[in-house]
Undergrad: 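Sharing a structure here in structure tokens format.
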Amino acid sequence: MEARLDSYVAQNRFAIAVLFPAIGAVMLVASAEGWFPGILEFNPYLVLFGTAVMRLPLIAGVAPLIDRRAGLAIVGLTLYTYGIEFLGVLTGLPYGDFEYVIDLGPMLLDTVPAALPIFFFPLVLNAYLLCLLLLGDRAALTRIRLPAVVATVLAMDLVLDPGAVGLGFWEYAPPLTGDGAWASATAIHFYGVPLSNYLGWILSASVAVLAFDLGFERAGLLDRLDRTGFMLDDLVSFVILWGAINAWYGNWLAVGVAGLFGVGLLATDRFDFDVRETVPLVDLRQ
């Protein structure tokens, strides 16, 4: 089954990594602008289906590496992810007061998306894999590897959160009043996203990066990266999807950060014209 999944993803790289996020960006913007009829507007099943398809390259790449240790790390991180998100929605800590405005699929206790790990885990894994490639031999040093990955996860959220706020996926409460440090953190915004959100992401990113670092062998990840050219295609989808959405809303600094991830992908030779053979073509003679 793993071999068949590898083959399927390899044969459909362009459709998965380019067409799906491009169409997804158009559909999400159309939903936010009210151009779709009600049944299609932010349809949660379409959102989950598109997300799952774009995750296939990462799932296929990591699947053979999931042993008991990796499984325990994933289970533990799943529990943490739900717990910290419930805490965030109910108390405002550690991200600042916010709430989900649009249901991203089934909601646990009408509070957080049940599919939250599908949205969050790939951000961390993509950042981890990209740093392994860019750091080279320096990735063997924990003091360099872990901070670099955490910083990369934060950079990904500089792209994700402004676009999600623009679409109306979630929204933050007005800044707190007062002169305290936390009040100041809720008052400083980056395209509608308060600084407090990024302070909270330092915590969550650190926990997630440490969990994956303990759960997966770097040698195994590097071997899969070498043997599967598509393993970082989910990051290609991320750049296209959220780069386009941020461009629509004029979040140009976020677009620039997305562009830097694109440069990183090109520098690691992860996605180039080698995928032209997977471009779906229509035979006009038929």
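Below, all heavy atoms of this structure are taken into account, side chains as well, without hydrogens, waters or symmetry copies.
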Undergrad: If the test is side-chain hydrogen bond (donor to acceptor under 3.5 Å, both in side chains), which one of R13, R55, R270 qualifies with D233?
TA: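 With D233 as partner, R13, R55, R270 yield a single side-chain hydrogen bond (donor to acceptor under 3.5 Å, both in side chains), made by R13.
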
Undergrad: For D161 and Y191, run side chain to side chain donor-acceptor pair (under 3.5 Å): C-alpha distance rounded to whole Å, both residues' side-chain angles, the deciding distance at 0.1 Å, then the answer.
TA: CA-CA 9 Å; D161 251 305; Y191 295 124; over 6 Å; no

Undergrad: Which heavy atom of P64 sits nearest to which heavy atom of G61, and what is that distance?
TA: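 In this case the closest contact between P64 and G61 is CD-O, 3.7 Å.
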
Undergrad: Would L72 end up clustered with L65 when hydrophobic side chains under 4.5 Å apart are linked, directly or stepwise?
TA: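 No, no single cluster joins them.
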
Undergrad: How close do L48 and L104 get, heavy atom to heavy atom, and via which atoms?
TA: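 Looks like CD2-O, 4.0 Å.
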
Undergrad: Between F42 and F169, does the ring centroid distance fall short of 6.0 Å?
TA: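 F42 vs F169: aromatic centres under 6.0 Å.
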
Undergrad: Under the side-chain hydrogen bond (donor to acceptor under 3.5 Å, both in side chains) rule, collect the residues that match up with E41, sequence neighbours excluded.
TA: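 Partners of E41 under the side-chain hydrogen bond (donor to acceptor under 3.5 Å, both in side chains) test: none.
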
Undergrad: So, for G215 and D67, which heavy atoms are closest and what is the spacing to 0.1 Å?
TA: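 Taking every non-hydrogen atom into account, O-OD1, 4.3 Å.
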
Undergrad: For R218, check side-chain hydrogen bond (donor to acceptor under 3.5 Å, both in side chains) against everything at least two apart and list the hits.
TA: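 Partners of R218 under the side-chain hydrogen bond (donor to acceptor under 3.5 Å, both in side chains) test: none.
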
Undergrad: Check the pair L116, L108 against side chain to side chain contact (heavy atoms under 4.5 Å, CB included), reporting the backbone distance first and the verdict last.
TA: CA-CA 10 Å; L116 190 61; L108 290 179; over 6 Å; no

Undergrad: Check the side chains of T142 and R145 for a donor-acceptor pair under 3.5 angstrom, ignoring hydrogens and angles.
TA: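 Indeed, the side chains of R145 and T142 share at least one donor-acceptor pair under 3.5 Å.
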
Undergrad: Would one find more than 12 heavy atoms of other residues, nucleotides or ligands at under 6.0 Å from atom CD1 of I118?
TA: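 Atom CD1 in I118 is not packed in, count stays at 12 or less.
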
Undergrad: Could you go through residues 84-101 and list every donor-acceptor pair under 3.5 Å that involves a side-chain atom there, pairing it with any protein atom two or more places apart or in another chain?
TA:
unit_1, atom_1, unit_2, atom_2, d
E85, OE2, Y100, OH, 2.4
T91, OG1, L87, O, 2.6
T91, OG1, L93, N, 3.2
Y95, OH, S204, OG, 2.5

